[in-house]
Amino acid sequence: MAVDLSPTPDVAELVERTTAFVRDVVIPLEERHGGVARTEDVRTELQRAAKDAGVFAPHVSHEYGGHGLDMRGRAAVFEAAGYSLFGPLALNIAAPDEGNMHLLEAIATDQQKERYLRPLATGEVRSCFAMTEPAPGAGSDPNALTTVAEREEGGWRINGHKWFITGADGAAYAICMARTSGTDAGKAGATMFLVDADNPGMRLVRHIDTLDESLYGGHLEVLFEDCRVPDDAVLGEVDEGFRYAQVRLGPARMTHCMRWLGIARRSQDIAVARAADREAFGSRLGELGMVQQMIADNEIDIAASRGLITQACWELDQGRSAAQSTAVAKTFCAEAIWRVVDRSLQICGSLGVSGDVLLSRFLREVRPFRIYDGPSETHRWSIARRVLRRHDTEVRR
Ligand SMILES: Cc1cc2nc3c(=O)[nH]c(=O)nc-3n(C[C@H](O)[C@H](O)[C@H](O)COP(=O)(O)OP(=O)(O)OC[C@H]3O[C@@H](n4cnc5c(N)ncnc54)[C@H](O)[C@@H]3O)c2cc1C
């Protein structure tokens with residue numbers, strides 16, 4: 001049976017417009033800033049231009065001013081936007097805001113949506129997601145969560161230490177994950193809280209110096225010290241935080257893959273242009289077998305990544321948890337995208353390492369993707385466990 005994977009006409013049209021917008025408006029600005037947006041002026045300029053081009057907020061529902069794309073629609077548009085490091089920021093689909101919008105649409109109350117989702121969806125404010133903690137707290141293992149929220153008259157008091165909280169500097173609020181019951185070793189008992197950034201109990205400690213720089217707002221260490229929040233700051237139900245984290249993380253894993261796939265494609269285009277142009281040993285680089293092999297391997301990694309993203313997105317669109325397919329796609333894409341950027345840089349030789357093309361910036365930006373949203377090893381561990389469980393179930397039948 002033939003399978004039609006082509007996007008709907010609406011999505012195809014949005015992809016075309018996004019591609020033109022990224023090429024004509026976003027890339028010139030990205031190149032002028034070396035791929036790192038450091039000021040609100042740049043963010044505002046990009047988002048205003050995206051609104052004018054009619055490509056802003058493709059993932060948000062119509063009610064909140066977006067295009068209401070499903071996951072498969074997002075896959076095509078996010079890849080087109082991800083062709084530039086500035087594309088996701090322009091379309092308001094960058095991490096962590098994009099994942100937070102998805103979560104808020106799924107579980108926030110109507111009042112919370114008006115107060116937190118609407119201004120986020122329009123780009124008026126930014127947000128952050130505060131889960132990870134320095135050792136011995138939560139990292140790959142969320143059950144090690146040490147941040148605690150205790151009930152008190154009229155609300156909750158949160159105490160805890162977070163780090164690597166992307167975008168915390170300048171965010172209007174954080175979605176903070178805290179333990180509300182259970183023990184450190186137990187699975188139950190985490191709750192998500194909406195904490196306004198002007199809460200005197202939430203303190204930004206420092207910007208962490210990292211390999212990557214392009215995720216807007218940097219990565220911060222954050223303290224919650226006797227941070228008091230009212231009852232209506234609870235996002236969803238008390239003690240259901242780990243379940244909601246899956247609502248956010250499955251799709252967020254895929255949207256990271258989509259955006260970084262755009263950068264892989266851009267890297268390949270830069271490398272192919274160089275290979276077609278540069279001469280060595282009496283021929284063009286592209287006529288040398290080992291260069292051809294790198295170009296072909298890039299093409300294979302890009303195509304395979306896109307295929308796995310499509311499969312996982314299709315499952316998510318069916319309302320399935322897609323735990324296995326998102327883990328498979330995330331692991332493969334994070335490693336394949338790294339390989340593509342690395343090979344592309346190799347093809348460009350010293351030019352690739354220079355700041356004259358953005359390949360060395362891309363390499364720094366994609367490396368941490370093998371760690372966040374679950375390190376490759378953690379995903380392989382959970383993929384294998386699911387396979388073994390399936391085997392055990394089949395044997396018992
Ligand atoms: C650039 C960047 C941005 C981030 N942004 C955010 C954010 O906005 N909000 C947030 O809450 N967090 C954020 N994080 C944190 C990220 O989610 C964590 O880094 C990730 O969950 C891994 O946790 P950890 O760093 O504590 O690694 P650890 O848990 O200490 O793991 C270290 C290593 O142990 C190995 N390992 C782990 N589990 C297994 C296993 N089961 N089997 C075998 N080996 C294993 C892996 O090699 C892993 O890399 C960000 C991280 C980075 C790098």
Side-chain angles (χ1 to χ4, degrees), residues 35-36 85 88 94-103 120 126-147 158 160-171 173-179 184 190-195 197 202 204-224 235 241-242 244-246 248-250 252-253 255-256 259-260 263 323 326-327 330-331 334-335 337-338 361-388:
V36 183
L85 290 173
D97 289 334
E98 175 268 326
N100 287 347
M101 286 182 237
H102 182 86
L103 180 67
L120 189 62
R126 291 191 296 102
S127 64
C128 62
F129 186 77
M131 166 78 185
T132 305
E133 302 167 338
S140 314
D141 181 3
N143 294 315
L145 190 68
T146 58
T147 298
I158 307 171
H161 187 182
K162 303 284 187 182
W163 84 328
F164 268 89
I165 309 310
T166 304
D169 190 5
Y173 59 91
I175 297 175
C176 174
M177 185 86 130
R179 184 170 292 282
D184 283 359
T191 301
M192 288 186 180
F193 293 92
L194 287 155
V195 183
M202 178 177 151
L204 306 183
V205 179
R206 64 167 176 136
H207 272 264
I208 302 166
D209 183 22
T210 57
L211 184 68
D212 66 318
E213 286 186 282
S214 80
L215 290 179
Y216 191 76
H219 311 299
L220 281 96
E221 193 173 329
V222 181
L223 274 176
F224 293 89
L235 183 55
F242 286 134
Y244 299 140
Q246 292 315 311
R248 185 185 187 283
L249 287 179
R253 265 175 213 148
T255 54
H256 268 308
R259 290 181 292 254
W260 289 131
I263 283 298
T326 56
K330 196 278 171 179
T331 309
E335 295 174 3
I337 288 163
W338 161 264
R361 164 62 51 207
F362 297 164
L363 197 73
R364 293 165 60 128
E365 299 302 328
V366 299
R367 180 62 183 83
F369 185 35
R370 284 161 54 194
I371 293 171
Y372 57 73
D373 280 356
S376 294
E377 295 73 23
T378 320
H379 282 302
R380 283 195 167 84
W381 173 73
S382 67
I383 291 166
R385 286 197 319 165
R386 279 190 214 98
V387 171
L388 288 162

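Order of listing sets the numbers, starting from 1, for every ligand and every atom in it.
- Checking each of R179, E133, H161 against T147 for a side-chain hydrogen bond (donor to acceptor under 3.5 Å, both in side chains) leaves exactly one that passes, namely E133.
- Taking the ring axis of F369 as reference, the NZ or CZ atom of K330 stays within 45° of it and closer than 6.0 Å to the ring centre.
- Scanning the protein heavy atoms around atom 26 (O) of ligand 1, the nearest turns out to be G139 CA, 3.4 Å.
- Protein heavy atoms come within 4.0 Å of atom 31 (O) of ligand 1.
- Between atom CG of residue L363 and atom CG of residue D212 there is a gap of 12.0 Å, rounded to the nearest 0.5 Å.
- Taking OH of Y173 as the reference point, atom CG of N100 lies at 6.0 Å (rounded to 0.5 Å).
- Of the options T166, L211, D141, T132, the smallest heavy-atom separation from atom 17 (O) of ligand 1 is shown by T132.
- Remark: among candidates E377, R367, M177, the nearest residue to atom 35 (C) of ligand 1 is E377, based on non-hydrogen atoms.
- Short contacts between ligand 1 and S140, defined as distances under 4.0 Å to a heavy atom of the residue, involve ligand atoms 21 (O), 22 (C), 23 (O), 27 (O), 28 (P), 29 (O), 31 (O), 37 (C), 38 (N).
- Rounded to the nearest 0.5 angstrom, M192 CE and R248 CZ are separated by 7.5 Å.
- In this structure, atom 25 (O) of ligand 1 lies nearest to the protein heavy atom I371 CG2, 4.4 Å.
- The proximity of F164 to ligand 1, defined as any non-hydrogen pair under 4.0 Å, involves the side chain as well as the backbone.
- With rounding to the nearest 0.5 angstrom, the CD atom of E365 is 13.5 Å from the CD1 atom of I337.
- For atom 23 (O) of ligand 1, a protein non-hydrogen atom is found at a distance below 4.0 Å.
- Taking 4.0 Å as the cut-off, T210 does not count as a neighbour of ligand 1 on heavy-atom distance.
- The heavy atom nearest to atom 37 (C) of ligand 1, out of those in L220, N100, T378, is found in T378.
- In terms of N/O distances under 3.5 Å, ligand 1 is not approached by P368.
- Counting protein heavy atoms only, atom 2 (C) of ligand 1 is closest to Y372 CD2, 3.4 Å.
- At a heavy-atom cutoff of 4.0 Å, ligand 1 is contacted by the side chain of P375 but not by its backbone.
- Note on R380 versus E335: salt bridge recorded, some NZ/NE/NH1/NH2 to OD/OE distance being below 4.0 Å.
- Note: no N/O pair closer than 3.5 Å links E133 and ligand 1 by distance alone.
- To the nearest 0.5 angstrom, C128 atom SG is 10.5 Å from K162 atom NZ.
- At a heavy-atom distance under 4.0 Å, no atom of R380 approaches ligand 1.
- Distance check, rounded to the nearest 0.5 Å: NE2 of H379 to CG of D373 gives 6.5 Å.
- A heavy-atom distance below 4.5 Å is found between the side chains of F224 and V195.
- On a distance-only criterion, F129 and ligand 1 share at least one N/O pair closer than 3.5 Å.
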